[in-house]
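Reading through the structure tokens given below for one structure.
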There are 2 protein chains.
Amino acid sequence: MNGLSIKEVAKAANVNKETIRYYESRGLIPIPPRTESGYRIFPKETIKRINFIKHAQELDFTLEEIKKLLEAYDEEIVDLREIKEFTTQKIKEIEFKIRDLQNMKRVLFNLAEKCPDSKASIFECPLIQKFTEGGSK
Amino acid sequence: MNGLSIKEVAKAANVNKETIRYYESRGLIPIPPRTESGYRIFPKETIKRINFIKHAQELDFTLEEIKKLLEAYDEEIVDLREIKEFTTQKIKEIEFKIRDLQNMKRVLFNLAEKCPDSKASIFECPLIQKFTEGGSK
DNA sequence: CTTGACTCTGTATTCGGGGACAGGGTTTAT
DNA sequence: ATAAACCCTGTCCCCGAATACAGAGTCAAG
């Protein structure tokens with residue numbers, strides 16, 4: 001009644017079994033109890049946890065970073081200054097990335113919009129050149 | 001006088017030699033001429049080209065995508081509808097990503113700001129829970 | 001009691017994007 | 001003419017994040 005097989009978790013969280021075992025080995029999900037014969041039995045929270053992981057991954061958190069967040073989440077008492085440090089650092093990275101993406105978007109947008117609509121020289125789009133100026137970052 | 005060694009290019013573009021050879025093998029930079037003894041001689045445009053690649057990489061373009069952009073850049077006459085398609089598609093991806101990052105930033109910001117400043121239960125930050133709701137994406 | 005679906009462990013492979021290094025040839029300075 | 005500093009090709013190794021597979025054990029149905 002209580003406890004899910006690895007397959008049920010995999011299906012519910014929309015990942016495959018190997019991924020779950022992999023997360024276990026990386027310490028991202030708690031080590032689940034086993035049946036007598038050695039089958040893993042997962043609490044249903046595991047599904048939420050995997051959702052969390054997948055969500056954070058989409059935002060370019062590495063598994064290592066996600067592990068940290070989850071550790072904070074797990075320990076009910078935690079030094080929040082540490083996680084605060086971590087998150088504000090991550091926020092900065094995100095802000096950088098957003099700015100870069102907005103730049104890129106502008107460049108692409110101009111490339112798409114300003115250029116003549118059919119066959120023409122790409123050099124009529126002076127914007128592509130902006131890209132080639134200066135060193136990266 | 002005209003033409004740079006691989007090391008000069010590497011230094012100027014701030015990558016290392018292997019990377020340049022790798023880009024050549026992937027078709028990202030034109031195949032350079034060689035000296036009689038087989039040493040590559042690069043035109044100085046190669047530096048700009050590598051800058052372009054690095055810049056685009058920071059924005060999560062894959063080398064394959066960058067190759068496409070560069071091909072458009074190389075062929076002076078190109079069907080711009082195709083590249084327009086490509087860029088508008090990419091713009092959409094970027095917009096998605098920006099939205100996701102802004103969400104993430106908000107979540108992290110709240111986590112960092114609203115939580116008590118030192119030791120406390122992380123569950124006093126209800127925001128971390130928002131994270132675990134629903135499916136990914 | 002056998003078959004099929006499921007699970008286990010462990011190892012290997014993939015993919016992107018390079019880095020490291022071996023074993024050799026070349027160019028430049030001394 | 002020899003050492004240092006280059007360059008070449010080729011192959012293997014690294015990381016992150018899985019995925020695949022081999023070989024074995026287990027469980028439920030007929």
Side-chain angles (χ1 to χ4, degrees), chain A residues 1 3-43 46 49-70 90 93 97 136-137, chain B residues 1 3-43 46 49-70 90 93 97 136-137:
Chain A
M1 189 134 278
L4 306 168
S5 75
I6 194 168
K7 195 181 192 195
E8 289 167 333
V9 175
K11 195 175 172 198
N14 203 33
V15 295
N16 61 37
K17 292 178 300 179
E18 288 87 349
T19 303
I20 296 174
R21 294 203 306 111
Y22 179 63
Y23 287 172
E24 181 185 332
S25 78
R26 297 277 310 246
L28 287 154
I29 56 179
I31 293 176
R34 305 273 184 132
T35 65
E36 303 221 328
S37 56
Y39 287 20
R40 290 169 180 83
I41 316 161
F42 295 92
T46 307
R49 200 168 177 100
I50 294 172
N51 284 147
F52 177 95
I53 295 168
K54 285 297 170 189
H55 201 105
Q57 268 189 316
E58 282 170 18
L59 304 179
D60 297 328
F61 284 77
T62 67
L63 291 184
E64 217 37 55
E65 290 169 334
I66 294 167
K67 189 177 170 184
K68 279 200 175 185
L69 286 172
L70 285 169
K90 203 66 195 171
E93 287 172 30
K97 199 143 198 171
S136 74
K137 198 132 229 177
Chain B
M1 186 137 281
L4 306 168
S5 74
I6 194 167
K7 194 182 194 195
E8 289 167 333
V9 175
K11 193 175 175 198
N14 203 35
V15 294
N16 62 34
K17 293 178 300 178
E18 289 87 350
T19 302
I20 296 173
R21 295 201 307 112
Y22 180 63
Y23 288 171
E24 181 185 333
S25 77
R26 295 279 309 248
L28 286 154
I29 56 179
I31 293 175
R34 306 270 186 136
T35 65
E36 304 218 328
S37 56
Y39 288 18
R40 291 171 180 81
I41 316 160
F42 295 91
T46 307
R49 199 169 177 99
I50 294 172
N51 284 148
F52 177 95
I53 295 167
K54 285 297 171 192
H55 201 106
Q57 267 189 318
E58 282 172 16
L59 304 178
D60 296 329
F61 285 76
T62 66
L63 291 184
E64 216 36 56
E65 289 170 335
I66 295 167
K67 189 178 172 185
K68 278 199 172 184
L69 286 172
L70 286 169
K90 203 68 195 169
E93 286 171 31
K97 199 144 195 169
S136 74
K137 195 147 231 167

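Letters A, B, ... are given to chains in the order of the sequence lines, protein chains preceding strands, and every chain is numbered from 1. Values below: all heavy atoms of this structure, side chains included; hydrogens, waters and symmetry mates excluded.
Distance B:Leu63 CG to C:dC15 C1': 12 Å, rounded to the nearest Å. Here the P atom of nucleotide C:dG19 and the CG atom of B:Asn14 are 11 Å apart, to the nearest Å. As a whole-Å value, the separation of B:Ile6 CD1 from D:dT9 P is 9 Å. Regarding B:Tyr22, its OH atom lies at a distance of 6 Å from the P atom of C:dG17, rounded to whole Å. Rounded to an integer number of Å, the gap from B:Glu36 CD to C:dT27 P is 9 Å. One can place NZ of B:Lys11 at 12 Å from P of D:dC7, the figure rounded to the nearest angstrom. Rounded to whole Å, atom P of D:dA17 lies 17 Å from atom CD1 of A:Ile20. Taking atom CZ of residue A:Phe61 and atom P of nucleotide D:dA18, one finds them 15 Å apart after rounding to whole Å.
For A:Tyr23 and B:Arg40, each mapped to the nucleotide of DNA chain D holding its nearest heavy atom, the one lying further toward the 5' end belongs to B:Arg40. Remark on DNA chain C: of its neighbouring residues B:Lys17 and A:Glu8, the 5'-side contact belongs to A:Glu8, judged by nearest-heavy-atom nucleotide.
Residue contacts shown for A:Thr62 are limited to sugar-phosphate atoms, with no base heavy atom under 4.0 Å away. Looking at heavy-atom distances under 4.0 Å, A:Thr35 makes no contact with the nucleic acid at all.
Here the CZ atom belonging to A:Arg21 is positioned 11.0 Å from the CD1 atom belonging to A:Ile29, to the nearest 0.5 angstrom.
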| Residues B:Arg40, B:Phe42; criterion side-chain contact (heavy atoms from CB on, under 4.5 Å); working and verdict | CA-CA 6 Å; B:Arg40 291 171 180 81; B:Phe42 295 91; 3.5 Å; yes
| query | Given A:Leu63 and A:Tyr23, is the side-chain contact (heavy atoms from CB on, under 4.5 Å) satisfied, shown in steps? | reply | CA-CA 9 Å; A:Leu63 291 184; A:Tyr23 287 172; 4.0 Å; yes
| task | Just do the side-chain contact (heavy atoms from CB on, under 4.5 Å) check on B:Ile66 and B:Leu70 with the steps written out, would you? | result | CA-CA 6 Å; B:Ile66 295 167; B:Leu70 286 169; 3.8 Å; yes
| request: Step by step, work out the side-chain contact (heavy atoms from CB on, under 4.5 Å) result for A:Ile6 and A:Tyr39. | output: CA-CA 8 Å; A:Ile6 194 168; A:Tyr39 287 20; over 6 Å; no
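For the pair A:Ser37 and D:dC27, the criterion of a side-chain N or O lying under 4.0 Å from OP1 or OP2 is met. The shortest distance between the side-chain N/O atoms of B:Gln57 and the OP1/OP2 oxygens of C:dG16 is not below 4.0 Å.
Relative to the side chain of A:Thr19, the nucleotides D:dT19, D:dT26, D:dC7 differ in distance, and D:dT19 lies closest. Side chain of B:Arg34, nearest nucleotide from C:dT7, D:dC8, C:dG18: D:dC8. Side chain of B:Tyr39, nearest nucleotide from C:dG17, C:dT26, D:dC27: C:dT26. Here the side chain of B:Lys7 is nearest to one of D:dC7, C:dT7, C:dG18, namely D:dC7.
The only option from A:Ile53, A:Asn51, A:Ile50 that meets the side-chain contact (heavy atoms from CB on, under 4.5 Å) definition with A:Val15 turns out to be A:Ile50. The only member of A:Arg26, A:Glu18, A:Glu24 that meets side-chain hydrogen bond (donor to acceptor under 3.5 Å, both in side chains) when paired with A:Tyr22 is A:Arg26.
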Show the distances under 3.5 angstrom between N or O atoms of the protein and N or O atoms of nucleotides 20-23 of chain D.
none

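For the pair A:Ile20/A:Lys17, no side-chain contact is recorded, criterion being any heavy-atom separation below 4.5 Å from C-beta on.
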